[in-house]
Amino acid sequence: MKKVSLIFSLILLVAIVITAVEVQAQEKRGWSPQAKGTVIGAGTGAAAGAIIHKRNRVAGGVVGGVVGGAAGYAIGKHKDNKNKEAARVAAANRAAAERAATANRAAKREAVAAKKSSAPAKQAIAANQPAATPLANGFNAANATGMYAAANNADLARILAAGYLPNDHYGDTSKPYHTSEYRRKSW
């Protein structure tokens, strides 16, 4: 009985020394969930095994420590996997938000650039318009004919640079898109 108690004491002393060295080494980087689970499970299992097995408390403590350590490791590994998955999802969400923000900024820049580039073309087109006579439907005759009937290629280039495609069939109910001053893309 004294030999078993001495062996158990030596094993326990070695385990404490190893744990102390590990604790000292891991203080810098922290304990993993598996290590925490293993230590807590082994300690709890050893105590429970020693209490439960009344005839041979050493054997009960060893068996309880092994079973508790294995269970603690499994619980710690499960927690670690959940933490890694949560970190992966968070990183994916951050990346998606960054892509959306980048796309939004690019769209705003393009809209501002298009607005700046189309303003001079619109002003040039408006300056070339003859006096307008309003029609009954609210449109003026000068816009229906003068704006779209380009006198030369420079006028047509300004119209196209402004981003408009004139509809030569505006008001002709037999033609498609007769209600719009501008042509629409059909694709």
Side-chain angles (χ1 to χ4, degrees), residues 1-123 160-165 176-177 179-187:
M1 186 66 155
K2 288 186 178 186
K3 284 185 179 181
V4 172
S5 186
L6 181 63
I7 292 173
F8 179 69
S9 298
L10 287 176
I11 291 173
L12 188 60
L13 181 64
V14 170
I16 290 172
V17 169
I18 290 174
T19 304
V21 170
E22 282 294 316
V23 168
Q24 194 174 26
Q26 288 188 357
E27 280 179 355
K28 296 176 186 171
R29 60 181 179 203
W31 281 45
S32 70
Q34 296 96 325
K36 288 179 188 176
T38 303
V39 170
I40 292 170
T44 305
I51 292 170
I52 292 171
H53 198 288
K54 295 189 189 274
R55 285 191 172 173
N56 191 354
R57 295 194 186 275
V58 175
V62 171
V63 170
V66 170
V67 171
Y73 179 83
I75 292 170
K77 184 66 175 173
H78 178 72
K79 184 176 180 180
D80 188 43
N81 287 342
K82 283 176 54 177
N83 291 345
K84 286 179 182 177
E85 180 65 19
R88 186 193 64 78
V89 168
N93 288 342
R94 281 192 305 273
E98 182 61 32
R99 282 193 306 271
T102 302
N104 191 13
R105 286 191 300 268
K108 285 182 181 179
R109 279 194 301 267
E110 289 176 9
V112 168
K115 189 174 183 182
K116 285 181 181 179
S117 68
S118 68
K122 287 180 184 177
Q123 290 171 353
L160 294 177
Y164 299 107
L165 294 174
Y177 308 118
T179 59
S180 175
E181 291 183 82
Y182 309 110
R183 292 185 197 165
R184 297 181 189 159
K185 293 181 180 177
S186 60
W187 61 91

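We're numbering straight along the sequence, starting at 1. No hydrogens, no waters, no symmetry mates; every other heavy atom, side chains included, goes into these values.
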Considering residues at least two apart in sequence or located in another chain, which fulfil the salt bridge (Lys or Arg N to Asp or Glu O under 4.0 Å) criterion with Lys108?
none

Can you give the donor-acceptor pairs under 3.5 Å from side chains of residues 58-78 to other protein atoms, not counting sequence neighbours?
none

Residues two or more places apart in sequence or in another chain: which of them pass side-chain hydrogen bond (donor to acceptor under 3.5 Å, both in side chains) with Glu85?
Arg88

If I take atom NZ from residue Lys79 and atom CD from residue Gln34, how far apart are they, to the nearest 0.5 angstrom?
11.0 Å

Residues passing the salt bridge (Lys or Arg N to Asp or Glu O under 4.0 Å) test with Arg105, sequence neighbours excluded, are Glu98

How would you list, by chain and number, every residue that makes a side-chain contact (heavy atoms from CB on, under 4.5 Å) with His53, sequence neighbours excluded?
Arg55, Asn56

Test salt bridge (Lys or Arg N to Asp or Glu O under 4.0 Å) applied to Glu110 - qualifying residues, sequence neighbours left out
none

